[in-house]
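Take a look at the structure set out below.
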2 protein chains.
Amino acid sequence: MTDKSINLTEYLIEHGIRPSFQRIKILQYLIGNKDHPTVDDIYQAVAKEVSTLSKTTVYNTLTLFTQASIIKGLRASENEIRYDPDTADHGHFKCKKCSGIYDFAVNIDTLQSDALAGFQIHEKGIYFTGICPACMENKTNSKSEEETK
Amino acid sequence: MTDKSINLTEYLIEHGIRPSFQRIKILQYLIGNKDHPTVDDIYQAVAKEVSTLSKTTVYNTLTLFTQASIIKGLRASENEIRYDPDTADHGHFKCKKCSGIYDFAVNIDTLQSDALAGFQIHEKGIYFTGICPACMENKTNSKSEEETK
DNA sequence: ATACAATTTTGTAATGATTACAAATATATT
DNA sequence: AATATATTTGTAATCATTACAAAATTGTAT
């Protein structure tokens, strides 16, 4: 789901999800914010438009979307799950300093290990951690103060 | 840390960790149980030998070991962190049915993607999910009942 | 349109893993 | 032995996530 021109309502229907107002708004936010938002990020942002929004609805919706495979939950971060509307295989790099999460292209098929013969694989997650280029330079990092945890 | 003949006390000292009784027992358990135990698994088991053991000590110790890179924390499971004394690069497969976690050999170096030029990589995590061979056969699976969540 | 059924949303209360913190205990050093 | 330092312990707090039931919305059939 990358093409903005696709109608969100139809997109949901195509994936067997009834297109409620809340669901469309949450999906819209996810597609417009591919920076791996947390549940709270999503809730805070969408609540500005949908004032009655409940966090439970956000959880329900994200679970629903995940089951329908239109988004993926990431476990790159320690505490919380983050969500990614890009369901194509790719890796995630988490910077230990600024806590930023970067996507990176990777040819996951080359990984295909003989060791998993006989296993039915559903998802492939590639999570790297380390220091991002920006933080390598800036010893004094601004992001780290606001987000260190 | 695979060779059982290595003295655990010395092993800890070599890694800059003071070898307290609790730390040795926890390390001993980890090395003897490479089935990716949870914090509670470790606590329950070691508490049988060290009756005064506190769960906080287990957390402290695991954090210490992880910082010293003698174990690795896995996020293959949804809720909780699991620990692995095998710090060599390898993948983890989580079966959605029986919740079992399998190690698998994988040549992570082949992954090296150009996209990460300039990034300083510390850890590489490979997490697959799906159905394990045992669960593919047994439609009625026993493990799933005890561990489904 | 109207009434009924099914689905979705909401709010609150529980759960459960992890962390904070300070007192108690053990260990090392002089 | 005396003192300083490091470790362990227990309890209380935190925080993301889940459970659950009531309220609101939507769909369907008459």
Side-chain angles (χ1 to χ4, degrees), chain A residues 8-9 12-13 15-29 36-68 71-83 99 101 147-149, chain B residues 8-9 12-13 15-29 36-68 71-83 99 101 147-149:
Chain A
L8 297 183
T9 301
L12 288 176
I13 292 171
H15 288 82
I17 297 171
R18 291 169 64 160
S20 75
F21 182 58
Q22 287 85 340
R23 288 171 180 172
I24 290 170
K25 285 298 178 186
I26 290 171
L27 177 59
Q28 193 173 55
Y29 177 80
H36 318 96
T38 65
V39 173
D40 201 59
D41 290 337
I42 299 163
Y43 170 70
Q44 296 297 341
V46 179
K48 287 180 185 164
E49 286 187 84
V50 188
S51 61
T52 64
L53 187 68
S54 159
K55 200 174 256 188
T56 301
T57 298
V58 178
Y59 275 104
N60 288 343
T61 303
L62 293 170
T63 301
L64 192 67
F65 286 1
T66 303
Q67 282 167 354
I71 63 173
K72 275 174 89 173
L74 304 188
R75 246 157 284 281
S77 186
E78 329 275 290
N79 333 282
E80 65 233 321
I81 304 178
R82 289 165 178 273
Y83 288 89
S99 300
I101 296 177
E147 225 180 328
T148 292
K149 170 144 202 192
Chain B
L8 297 184
T9 301
L12 287 176
I13 291 170
H15 287 83
I17 296 170
R18 294 168 64 158
S20 75
F21 182 59
Q22 287 85 340
R23 289 171 180 173
I24 291 169
K25 285 298 180 186
I26 289 170
L27 178 59
Q28 194 174 55
Y29 177 81
H36 318 96
T38 64
V39 173
D40 201 59
D41 290 338
I42 298 164
Y43 171 71
Q44 296 296 340
V46 179
K48 286 180 185 165
E49 288 186 83
V50 187
S51 61
T52 63
L53 187 68
S54 158
K55 199 173 256 188
T56 301
T57 299
V58 178
Y59 275 104
N60 289 343
T61 303
L62 292 171
T63 301
L64 191 67
F65 287 1
T66 303
Q67 281 167 354
I71 63 172
K72 274 172 89 172
L74 305 188
R75 248 158 278 285
S77 186
E78 328 276 290
N79 335 281
E80 66 234 321
I81 305 179
R82 289 164 178 274
Y83 288 91
S99 300
I101 295 176
E147 226 181 325
T148 292
K149 162 143 209 199

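Here the structure is a predicted model, which is why all the values come from computation and not from measurement. Just the heavy atoms: all of them, side chains too, but no hydrogens, waters or symmetry mates, feed the values below. Note on naming: letters A, B, ... go to the chains in the order of the sequence lines (proteins, then strands), and numbering restarts at 1 for each one.
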For this session: Can you measure from NZ (A:Lys48) to OH (A:Tyr29) and round to the nearest 0.5 angstrom?
Result: 8.5 Å
Scan nucleotides 8-15 of chain C against the protein and return all N/O pairs shorter than 3.5 Å with their distances rounded to 0.1 Å.
unit_1: C:dT8; atom_1: OP1; unit_2: A:Arg23; atom_2: NH1; d: 2.9
unit_1: C:dT8; atom_1: O5'; unit_2: A:Arg23; atom_2: NH2; d: 3.4
unit_1: C:dT9; atom_1: OP1; unit_2: A:Ser20; atom_2: OG; d: 2.2
unit_1: C:dT9; atom_1: OP1; unit_2: A:Gln22; atom_2: OE1; d: 3.3
unit_1: C:dT9; atom_1: O3'; unit_2: A:Gln22; atom_2: NE2; d: 2.9
unit_1: C:dT10; atom_1: OP1; unit_2: A:Gln22; atom_2: NE2; d: 3.2
unit_1: C:dT10; atom_1: OP1; unit_2: A:Thr52; atom_2: O; d: 3.1
unit_1: C:dT10; atom_1: OP1; unit_2: A:Thr52; atom_2: OG1; d: 2.7
unit_1: C:dT10; atom_1: OP2; unit_2: A:Ser54; atom_2: N; d: 3.2
unit_1: C:dT10; atom_1: OP2; unit_2: A:Thr57; atom_2: OG1; d: 2.8
unit_1: C:dT10; atom_1: O5'; unit_2: A:Thr52; atom_2: O; d: 3.1
unit_1: C:dG11; atom_1: N7; unit_2: A:Ser54; atom_2: OG; d: 3.4
unit_1: C:dG11; atom_1: N7; unit_2: A:Thr56; atom_2: OG1; d: 3.4
unit_1: C:dG11; atom_1: O6; unit_2: A:Thr56; atom_2: OG1; d: 3.0
unit_1: C:dT12; atom_1: O4; unit_2: A:Thr56; atom_2: OG1; d: 3.3

For this session: Check B:Val58, B:Leu64, B:Asn60 against B:Leu62 for a side-chain contact (heavy atoms from CB on, under 4.5 Å) and give me the one that passes.
Result: B:Val58
Exercise. For the pair made of CD1 in A:Ile81 and P in D:dA16, what is the distance, rounded to whole Å?
Worked result: 12 Å
Problem set entry | Separation of atom CG in A:Asn79 from atom C1' in C:dA20, rounded to whole Å | 15 Å
Exercise. With distance as the sole test, does B:Arg23 use its side chain to make a donor-acceptor pair with the main-chain N or O of B:Arg18 at under 3.5 Å?
Worked result: yes
Seminar exercise, completed: To the nearest angstrom, the CD1-C1' distance between B:Ile24 and C:dA26 comes to 14 Å
Problem set entry | Gap between atom CD1 of A:Ile71 and atom CD1 of A:Ile42 - 0.5 Å precision | 6.5 Å
Problem set entry | Nearest-0.5 Å distance, CD1 of residue A:Ile26 to OG1 of residue A:Thr61 | 4.0 Å
Problem set entry | Side chains of B:Asp41 and B:Thr38, donor plus acceptor under 3.5 Å | yes
For this session: Using atom CZ of B:Arg75 as one end and atom P of D:dA16 as the other, report the distance to the nearest whole Å.
Result: 15 Å
Exercise. Given D:dT17, is OP1 or OP2 found less than 4.0 Å from the side-chain N or O atoms of A:Tyr59?
Worked result: yes
Exercise. Between B:Tyr43 (OH) and C:dG16 (P), how many Å, whole number?
Worked result: 16 Å
Exercise. What is the distance, rounded to the nearest whole Å, between atom CD of B:Glu80 and atom C1' of D:dT17?
Worked result: 13 Å
For this session: Specify the separation, in whole Å, of atom CG of A:Leu74 and atom P of D:dA16.
Result: 17 Å
Problem set entry | Whole angstrom value for the distance that separates C1' of C:dA17 from CG of B:Asp41 | 13 Å
